[in-house]
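What you see is a predicted model, and the numbers here were worked out from it, not measured in a lab. All residue numbers in this chain count up from 1 along the given sequence.
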Amino acid sequence: MITTVILAAGEARRMGQPKQLMQLQGQSLIWRAVQTARAVSQEVIVVTGAYADVVQKNLHQASVTIIHNPDWASGMGSSIRAGVQQALHHSPAPEAIIILLCDQPLVSEKLLRQLIKMHQNPGKNLVASSYQNTVGVPALFGKALFPDLLALDNKGGAKQVIRQHQMETVTVDFPEGAYDVDTPEDFERIQRLLISE
């Protein structure tokens, strides 16, 4: 079983509004992320934080598990830990967990399927996305790496685990990963990109 953990806990200070709810092509960013994840995952977990109430309201019709991380302000590591702990409560436990951010709106079902397909090769426990001279999320972590995710310090993100295991990390090209939503300018750039396609 594959579980996807979507991190949607941030405050979006530079955006000045809850970016989880910003509309792109008629859907909120969190709704887009959930629908993409549901296409490939048996279980989808959304970790909320700063805007828990409004995010939960936006997803009231989605078949997802929503958990609130009261320590969200301490850093992304605390939200990853919360999501992984929730995933491990499920029976049967997942064979792999995909970590996904709600502010990468160009993540596609095809990309997530590539991560899963690569993981199905023997020994491919960590499959990450490659973009803009970096390796990061979306990334898939096999169950051998769950303890590393649970051991993240509050400030650490998924990249910390990827760096620790860089010799065995395999990657999938995802040039669109360079487009994430941190500022109003970022959002306008993605809107223009989608209109031009």
- Note on the structure: One should read off an interatomic distance between T65 OG1 and L59 CG, to the nearest 0.5 angstrom, of 11.5 Å

- So, the side chain of R38 versus the backbone of V44: is there a donor-acceptor pair under 3.5 Å, distance only? no

- Task: Indicate the atoms forming the closest heavy-atom contact of Q20 with C102, along with that distance.
- Result: CG-SG, 3.7 Å

- Message: Under a 3.5 Å distance rule, please check whether R32 uses its side chain to pair with a backbone N or O of Q27 as donor and acceptor.
- Response: no

- Do V135 and V127 sit in the same hydrophobic cluster, where Ile, Leu, Val, Met, Phe, Trp and Tyr count as joined when their side-chain heavy atoms come under 4.5 Å apart? no

- Report the hydrophobic cluster partners of W72, with the cluster defined as I, L, V, M, F, W, Y residues connected by side-chain heavy atoms closer than 4.5 angstrom, directly or transitively. none

- Message: With heavy-atom distances below 4.5 Å as the criterion, would you say the side chains of V137 and L7 are in contact?
- Response: no

- Message: Quick check on the hydrophobic clustering: are I97 and V47 connected, directly or via other members, by side-chain heavy-atom contacts under 4.5 Å?
- Response: yes

- Task: Test side chain to side chain contact (heavy atoms under 4.5 Å, CB included) on Y131 and Q104 and set out the steps.
- Result: CA-CA 12 Å; Y131 47 89; Q104 285 182 309; 3.4 Å; yes

- Message: Count I, L, V, M, F, W, Y as connected when their side-chain heavy atoms are under 4.5 Å apart, and connections chain through other members. Are V161 and L140 then in the same cluster?
- Response: no

- Message: Can you confirm whether M22 sits close enough to D103 that some side-chain heavy atom of one is under 4.5 Å from a side-chain heavy atom of the other?
- Response: no

- Message: How long is the straight-line distance from CD1 of I190 back to CG of D180, given to the nearest 0.5 Å?
- Response: 7.0 Å

- Message: Can you tell me if D53 has over 12 outside heavy atoms packed within less than 6.0 Å of its CG?
- Response: no

- Message: Pair V107, L112 - check side chain to side chain contact (heavy atoms under 4.5 Å, CB included), show working.
- Response: CA-CA 8 Å; V107 170; L112 299 186; 4.0 Å; yes

- Item | Rounded distance [0.5 Å steps], CD in E95 versus CZ in F146 | 8.5 Å

- Message: Within the structure provided, determine whether R113 and K117 are in side-chain contact (heavy-atom separation under 4.5 Å).
- Response: no

- Message: What I want to check is whether the side chains of T4 and S41 have a donor and an acceptor closer together than 3.5 Å.
- Response: yes

- Message: Counting C-beta onward and ignoring hydrogens, is there a side-chain heavy-atom pair between L21 and Y51 closer than 4.5 Å?
- Response: no

- Across all chains, not counting sequence neighbours, the salt bridge (Lys or Arg N to Asp or Glu O under 4.0 Å) partners of E11 are R13

- Message: Before you tell me yes or no, could you show the steps for V40 and I2 under side chain to side chain contact (heavy atoms under 4.5 Å, CB included), namely the whole-Å CA-CA distance, both residues' side-chain angles and the distance that decides it to 0.1 Å?
- Response: CA-CA 8 Å; V40 304; I2 305 290; 5.7 Å; no

- Message: Is it true that, when you exclude Q35 itself, more than 12 heavy atoms of the residues, nucleotides or ligands shown sit nearer than 6.0 Å to its CD?
- Response: yes

- Message: Hydrophobic clusters here meaning ILVMFWY residues chained together by side-chain heavy-atom distances under 4.5 Å, can you tell me if M76 and I66 are in one?
- Response: no

- Message: Donor-acceptor pair, distance only, cut-off 3.5 Å: does the side chain of K124 make one with the backbone of V170?
- Response: no

- Message: More than 12 heavy atoms of other residues, nucleotides or ligands under 6.0 Å from CD of Q61: yes or no?
- Response: no

- Distance from Q160 atom CD to L152 atom CG, nearest 0.5 Å? 5.0 Å

- If you take all heavy atoms of Q86 and I67, which pair is closest and at what distance? OE1-CG2, 3.6 Å

- When every non-hydrogen atom of H119 is compared with those of A96, the smallest separation belongs to NE2-CB, 3.8 Å

- Is L100 reachable from V64 through a run of hydrophobic residues whose side-chain heavy atoms are each under 4.5 Å from the next? yes

- Note on the structure: In terms of heavy-atom contacts, L24 and Q191 come closest through CD1-CG, 3.5 Å

- Message: Has S74 got a side-chain atom pairing as donor or acceptor with N154's backbone, closer than 3.5 angstrom?
- Response: no

- Are the side chain of S129 and the backbone of P138 linked by a donor-acceptor contact shorter than 3.5 Å? yes

- Note on the structure: Correct closest heavy-atom pair for L150 and R81 would be O-CD, 3.0 Å

- One should read off an interatomic distance between L101 CG and I6 CD1, to the nearest 0.5 angstrom, of 10.0 Å

- Going by heavy atoms in the side chains, are Q56 and T48 under 4.5 Å from each other? no

- Query: Do the side chain of Q132 and the main chain of Y179 share a donor and acceptor less than 3.5 angstrom apart?
  - Reply: no

- Do the non-hydrogen side-chain atoms of L193 and R189 ever get within less than 4.5 Å of each other? no

- Give, for atom CD1 of I195 and atom CD of Q25, the distance between the pair rounded to the nearest 0.5 Å. 8.5 Å

- Item | Side-chain heavy atoms of T3 within contact of Q42, under 4.5 Å | no

- Criterion side chain to side chain contact (heavy atoms under 4.5 Å, CB included) on N125 and E168, from CA distance to verdict: CA-CA 8 Å; N125 250 335; E168 66 246 48; 5.8 Å; no

- If you look at every heavy atom in N69 and S79, which pair is closest and at what distance? ND2-OG, 2.9 Å

